[in-house]
*Asks:* 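Here it is, the structure in full.
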Amino acid sequence: MNQIPDVPIINQECRLLFPFHHYFGDLAEAEGIAKWKIWLKRLDGNDKQESYDNTLYFQPFVRKMLFPEMDPPMQSHSARHLTFMPDNRLYSTNFELQPISRDKTPDGEVFKGNISWIDVYLFHDKMGILVININPECPSLHQLADFLRTARTVLPPYVGFNLPRLSLANFPFEQNIDSMNDLINYLLKPMIDPLSIGGKNGNDYTKTPIGKEEGERCWTFTYAQVCDDEHIGNNKTEIPELEMRDLWLYEIGTVTPIRDGYIPANEHVAKIINENRMSIWDSWRGIALRDTITFLEFSDSTKTDKTFFFNNATRDYFFLYIYCLYQKVELLKLQNNLIEAGEISDKKERLHGLLGQLVEFRNYFWFAEVTRKALGGELYRKYQHGLETPILYEYVSSEIHDLYSYFCSMVNEEQLNQDRKLNKTIGIIAAVIGIPIMFIGFLGINLRDYNSSEGLSLSAAFVLVLGSIMLGAGVAFLLKWIGDRKVKGLE
C-alpha cells in the first residue's frame, strides 16, 4: 500500500470516554456532588425537546436505564447522567495539546481545540463513564488522526514516555493541570474512593481497577465531515473492493495515519474494514473497533453547517455506544472478579456472587434488541462486534458456569463421601452389636435365673458375649480394610 492523499475536514467532534469505579452505594447521593448537575441543565428549551425525542430511539427498558430523568420515576437500575457545571455554568474552554519527547522537549505540532462540555454516566453497580466533548481544530484527516492518538493517552504506555502537555485557557480552580491525566484525576476525585483503587496521594484516580491496559488510554467516539469536492473517495485502491473512503475510515478508526513509516499490510486493512465497517448510506461510513468508534460523512460542500447525520451520530449513535461500552466494561469487571476467585473450594460465597452478577447482568443489560430502529439494530451488532463483547460474554459465562458445575460436583462428592462414612459406621456398629445378638439367639441360649439350674451361668454368658463382640469387631475391621483397598484401586 502507498501513502494515501490527505483531505480537508469541515466539521469534527471527538469524545473521549474513560470508564471508572465510583463509590456511591445509592446513586441519589451522586446528585449532590459539588460542581456537577443533571445534564439537562446544560440544554436550552429546544435542545431539551430534541434530546427527549432522541431518547425515544431506544426500547423502553433501555430508556428507563439510560435516561430516567426523561421518564420518571427512577428505578433501582437507573443510571445518573451529570454534567460539569462549576458556579452553575457550563464549563467550556479552549486548550492546546503539545506532544513531549523523551528528553521532555516539545515534539511536533501543537494541537488546538475547544472542550465544549464534560459529562459523566454513573451506573448502579458502581461503574461510571466520564465523557469529554472536544472540538479539535484539525484542518485535515492526517492531522485529526495525529490529534486523536495524542489526546486519548492517559497513562504512559512505556517507561520513559512523557504525557502530552495540556494547557487550558480557562480553569479557575486550585489545581495544576498539565496533562489529560491531571484533568481526568481532578474530575473523578469527588466520585472515587482512593482506598478502593489502592490510591495514597489523590493522583491515582485514573488507575482503574479493571486494569492498567484498559485505563491506559481513553475510548474515542469521533465524527468528521470530509470535504471530498473532487470525489477522490470514490476512487478504487490497490486493495480489491476497497475505495479511498475506506482507507480514510481505517486511518481515523485505528488512529494511524497512513503515510511514510505507517504503511499497514493490505490483508490487514482489508480484514479490518470488511469485518467492522458500517456502510448503510452512500453519504457516510463508520467503523467500530475495540476502543474507537468513527463516523465519516462525505460532502462536496465547504459549508460548516451541522448536518442531519451529524445530529444522528452525536446523539442517537453516541448514546447507543455508551450502552455498549457499559456492557463491555461490566464484562471486563466480571472477568477480573473471575480471575481473583482463586481456589473455588474455599470460595463458595464468592462463586455464588459471581453467578448472581452474571444473571443480573443478563437480565438487565444483555438484550438482542435495544432500539426501535432497524438501522439501530445493525449499529448495535456492529458496536458489539467491534468491542468484542460477544466473545467476552461467552468466555465469562462459560467460565462461571463451568466453575459452578465443578463446585457442585465437589459438593456432591463430599456428600457421597459422608454418606459412605456413615454407612461404614452403621455397618461397624451393626457388626459389633448384631453378631453377638444373632449368635446368642441362634443357639437359643437363655441366661440361668436364680430358681433354675438350666442354661448358662452369668460368667459363661459374659465370656460368650465378649467373644462374640470381638468376633463382630474383627469382621467390621475386615470389611473396612476391604473397602479401603477398593478405593485405592479406583484411584
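Sequence positions, counted from 1, serve as the residue numbers for this chain.
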*Asks:* Where is the tightest heavy-atom contact between P157 and R217, given as atom of each residue plus distance?
*Replies:* CB-NH2, 4.4 Å

*Asks:* Mind telling me whether F171 and Y186 have parallel, tilted or perpendicular rings, with 30° and 60° as the class edges?
*Replies:* perpendicular

*Asks:* Give the minimum heavy-atom separation between I177 and L168, together with the two atoms involved.
*Replies:* CG2-CD1, 3.9 Å

*Asks:* Are the side chain of Y395 and the backbone of Q335 linked by a donor-acceptor contact shorter than 3.5 Å?
*Replies:* no

*Asks:* Judged by atom type as modelled, is there a donor-acceptor pair below 3.5 Å linking the side chain of D6 to the main-chain atoms of H142?
*Replies:* yes

*Asks:* Would you tell me whether Y326 and D125 have side-chain atoms, one donor and one acceptor, within less than 3.5 Å of each other?
*Replies:* yes

*Asks:* A79 and P68: which non-hydrogen atoms are nearest, and at how many Å?
*Replies:* O-CG, 3.1 Å

*Asks:* Going by heavy atoms in the side chains, are H385 and E275 under 4.5 Å from each other?
*Replies:* yes

*Asks:* State whether the side chain of S179 and the backbone N or O of L166 hold a donor-acceptor pair below 3.5 Å, judged by distance alone.
*Replies:* no

*Asks:* Cut-off 3.5 Å, side chains only: do N54 and E50 have a donor facing an acceptor?
*Replies:* no

*Asks:* What residue among F84, Y121, Y91 forms ring pair (Phe, Tyr, Trp, His ring centres under 6.0 Å) with W36?
*Replies:* F84

*Asks:* Using the side chain to side chain donor-acceptor pair (under 3.5 Å) rule, pick out the option among K64, E69, R63, R315 that qualifies with T55.
*Replies:* R63

*Asks:* Taking 4.0 angstrom as the limit, do R277 and D246 come out as a salt bridge?
*Replies:* yes

*Asks:* Check whether any side-chain heavy atom of L355 sits under 4.5 Å from a side-chain heavy atom of H401, and report yes or no.
*Replies:* yes

*Asks:* Quick check: do I100 and L163 have side-chain heavy atoms less than 4.5 Å from each other?
*Replies:* no

*Asks:* Please report, to 0.1 Å, the donor-acceptor pairs under 3.5 Å made by any side chain of residues 361-369, with sequence neighbours excluded.
*Replies:*
unit_1, atom_1, unit_2, atom_2, d
N363, ND2, V359, O, 3.3
E369, OE2, R381, NH1, 3.2

*Asks:* Using modelled atom types only, decide if a donor and an acceptor are shared between the side chain of N185 and the backbone of N181 within a distance under 3.5 Å.
*Replies:* yes

*Asks:* Would you check, one step at a time, whether the test side-chain contact (heavy atoms from CB on, under 4.5 Å) holds for V269 with I272?
*Replies:* CA-CA 5 Å; V269 175; I272 294 295; 5.9 Å; no

*Asks:* So do I129 and Y321 actually touch side chain to side chain, heavy atoms under 4.5 Å?
*Replies:* no

*Asks:* Ring of F309, cation from R285 - is the NZ or CZ under 6.0 Å from the centre and inside 45° of the axis?
*Replies:* no

*Asks:* Tell me if a side-chain donor or acceptor on K37 pairs with a main-chain N or O of G32 at a distance below 3.5 Å.
*Replies:* no

*Asks:* Could you walk me through whether T220 and D291 satisfy the side-chain contact (heavy atoms from CB on, under 4.5 Å) test, starting with their C-alpha distance in whole Å, then the side-chain angles of each, then the deciding distance to 0.1 Å, before giving a yes or no?
*Replies:* CA-CA 7 Å; T220 62; D291 51 8; over 6 Å; no

*Asks:* To the nearest 0.5 angstrom, please state how far the CD atom of Q12 sits from the OG1 atom of T222.
*Replies:* 9.5 Å

*Asks:* Taking side chain as C-beta onward, heavy atoms only, is C227 less than 4.5 Å from V7?
*Replies:* no

*Asks:* List the residues meeting side chain to side chain donor-acceptor pair (under 3.5 Å) with R15, not counting sequence neighbours, and say none if there are none.
*Replies:* E13, N133

*Asks:* Using 0.5 Å steps for rounding, measure from the CZ atom of R245 to the CG atom of D282.
*Replies:* 5.0 Å

*Asks:* How long is the span from the OG1 atom in T389 to the CD atom in Q327, to the nearest 0.5 Å?
*Replies:* 6.0 Å

*Asks:* What's the verdict on side-chain contact (heavy atoms from CB on, under 4.5 Å) for F95 and I134, showing C-alpha distance, side-chain angles and the deciding distance?
*Replies:* CA-CA 10 Å; F95 69 87; I134 296 176; 3.6 Å; yes

*Asks:* Under the side chain to side chain contact (heavy atoms under 4.5 Å, CB included) rule, collect the residues that match up with E31, sequence neighbours excluded.
*Replies:* I38, M74, R80

*Asks:* Please check: side-chain N/O of H22 versus main-chain N/O of F123, any donor-acceptor pairing under 3.5 Å?
*Replies:* yes

*Asks:* Once the angle between the rings of W117 and F318 is folded into 0 to 90°, is it parallel (under 30°), tilted (30 to 60°) or perpendicular (over 60°)?
*Replies:* perpendicular

*Asks:* Okay, side chain of S283, backbone of S299: is any donor-acceptor separation there less than 3.5 Å?
*Replies:* no

*Asks:* Any side-chain heavy atom of M244 sitting closer than 4.5 Å to one from P5?
*Replies:* yes

*Asks:* State whether the side chain of S78 and the backbone N or O of F67 hold a donor-acceptor pair below 3.5 Å, judged by distance alone.
*Replies:* no

*Asks:* Could you check N170, N114, N135 and say which one makes a side chain to side chain donor-acceptor pair (under 3.5 Å) with N94?
*Replies:* N114

*Asks:* Taking side chain as C-beta onward, heavy atoms only, is M180 less than 4.5 Å from I132?
*Replies:* yes

*Asks:* According to the interplanar angle, ranging from 0 to 90°, do the rings of W39 and F319 count as parallel (below 30°), tilted (30 to 60°) or perpendicular (above 60°)?
*Replies:* perpendicular

*Asks:* How close do K373 and Y57 get, counting heavy atoms only, and between which atoms?
*Replies:* CG-CE1, 3.5 Å

*Asks:* I'd like to know if the side chain of R372 and the backbone of F58 have a donor-acceptor N/O pair within less than 3.5 Å.
*Replies:* yes

*Asks:* On a heavy-atom basis, which atom in F24 and which in P190 lie closest, and how many Å separate them?
*Replies:* CZ-O, 3.9 Å

*Asks:* Are any of the side-chain heavy atoms of M70 and L40 separated by less than 4.5 Å?
*Replies:* yes

*Asks:* Could you tell me the separation between the SG atom of C14 and the CZ atom of R152, rounded to the nearest 0.5 Å?
*Replies:* 9.5 Å

*Asks:* From Y383 OH over to I293 CD1, what is the distance, rounded to the nearest 0.5 angstrom?
*Replies:* 5.0 Å

*Asks:* Can you tell me if S397 uses its side chain to pair, donor with acceptor, with the backbone of E394 under 3.5 Å?
*Replies:* no

*Asks:* Checking side chain to side chain contact (heavy atoms under 4.5 Å, CB included) against N266, which of I239, L242, T237 comes through?
*Replies:* I239

*Asks:* If you count the non-hydrogen atoms of other residues, nucleotides and ligands that lie under 6.0 Å from CG in D402, is the total more than 12?
*Replies:* yes

*Asks:* One pair to check against side-chain contact (heavy atoms from CB on, under 4.5 Å): K48 and Y52. What are the steps and the verdict?
*Replies:* CA-CA 6 Å; K48 285 183 179 180; Y52 178 86; over 6 Å; no

*Asks:* Which heavy-atom pair separates C218 from I184 by the least distance, and what is that distance?
*Replies:* SG-CD1, 4.0 Å

*Asks:* Quick check for you: to the nearest 0.5 Å, what is the distance between Q357 atom CD and I400 atom CD1?
*Replies:* 7.5 Å

